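For reference, the structure discussed in these notes is given below.
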Amino acid sequence: MRLAVGQMEPLINDIQKNLLKVKSILKRADENQVDVLVLPELCNSGYVFDSLEEAKTTAEEIPTGSFSRELRSWSKANKLVVAGICEQTRHGLFNSAVAFANGNHITTYRKIHLFLNEKDWFQPGNEEPPVVDFEGTRFGVMICFDWIFPEMARILMLKGAQVILHPANLVLPYCQDAMRIRSIENSVFTATANRIGTERGVAFSGSSQITNTTGKRLTTLPTNEEGLALADIDPHEADDKMITKRNHLVKDRRPDLYGLLTKSD
Ligand code: ACM
């Protein structure tokens, strides 16, 4: 299975240009026979809004908006794509990741851990992160800052994810390393598609990457260039949860002693 991350610089207030950038990544993904593609968080809209009004003008409904239609159409050729979308709904805006496979809208995950000023524009999602099946492989979805909550990758793995797809607009410098750890502690692949550029003084770190189940980076992009990086993976490597011949990553846990983890404060 050929997995890819697309890296780009979405421009605030330039939806048409952003759509062209997405189309160009989709074209490159086609040329490279990619099966599963991840695009950055908020790839339709840019990130550093200066008002709720501005955020609203860039948002689209899923699955009828122009980005959704483009992604859906790309997925018709037996492909899965997960992309970050500034989503307009009757209940306000959400920072969402939409998944299309085989021409169908599979799921929309609405980010549950909002970072900094995202809390001014977006409603927090209230549903568990999803795991979707595509061609016999199980893919979990989370968005950017979800990385700092190890519970996210853990719940995805416990729900059966073999690969975690992770649209991002990374600001803090630790995520790419932390995702290697998420891979190790859950024995899963991860694919982080990050954005580049500086928007209204906020710098994003690029370095999109794919990690394997032992935390090795299979591929990585530069900090400051748009592009596509791919890796051929065997998702079944994630089925082996033996850490030593006597230690199993799932069965050796002691949830009876982790009660605090499920309390709010
Ligand atoms: C982030 O969650 N976009 C930092």
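One-based numbering, in listed order, for ligands and for the atoms of each. Source: prediction; values computed, not measured.
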Show the nearest heavy-atom pair for residues E128 and Y109, with the distance to one decimal. O-CD1, 4.5 Å
Protein heavy-atom partner closest to atom 4 (C) of ligand 1 - residue, atom, separation in Å: F115 CD2, 3.3 Å
Using the rule side chain to side chain contact (heavy atoms under 4.5 Å, CB included), only one of I196, N169, L170 pairs with S205; which is it? L170
Atom 3 (N) of ligand 1 [closest protein heavy-atom partner, distance rounded to 0.1 Å]: E41 OE1, 2.9 Å
Would you mind running through ligand 1 and noting each atom that sits below 4.0 Å from a heavy atom of E118? 1 (C), 2 (O), 3 (N)
Does an N or O from F145, backbone or side chain, lie closer than 3.5 Å to an N or O of ligand 1? yes
Distance to the ring centre below 6.0 angstrom and angle to the axis at most 45 degrees; does that hold for R195 and F204? yes
How many angstroms lie between atom CE of M242 and atom CG of D252, to the nearest 0.5 angstrom? 7.5 Å
If we only consider heavy atoms of K111, is any one of them less than 4.0 Å away from an atom in ligand 1? yes
Considering P167, C144, S205, C175 one by one, which has a heavy atom nearer to atom 1 (C) of ligand 1 than any of the others? C144
State whether a side-chain donor-acceptor pair under 3.5 Å links T211 with T190. yes
May I ask you to say whether R200 pairs ionically with E54, meaning some side-chain N is under 4.0 Å from a carboxylate O? yes
Does some non-hydrogen atom of N169 fall short of 4.0 Å from ligand 1? yes
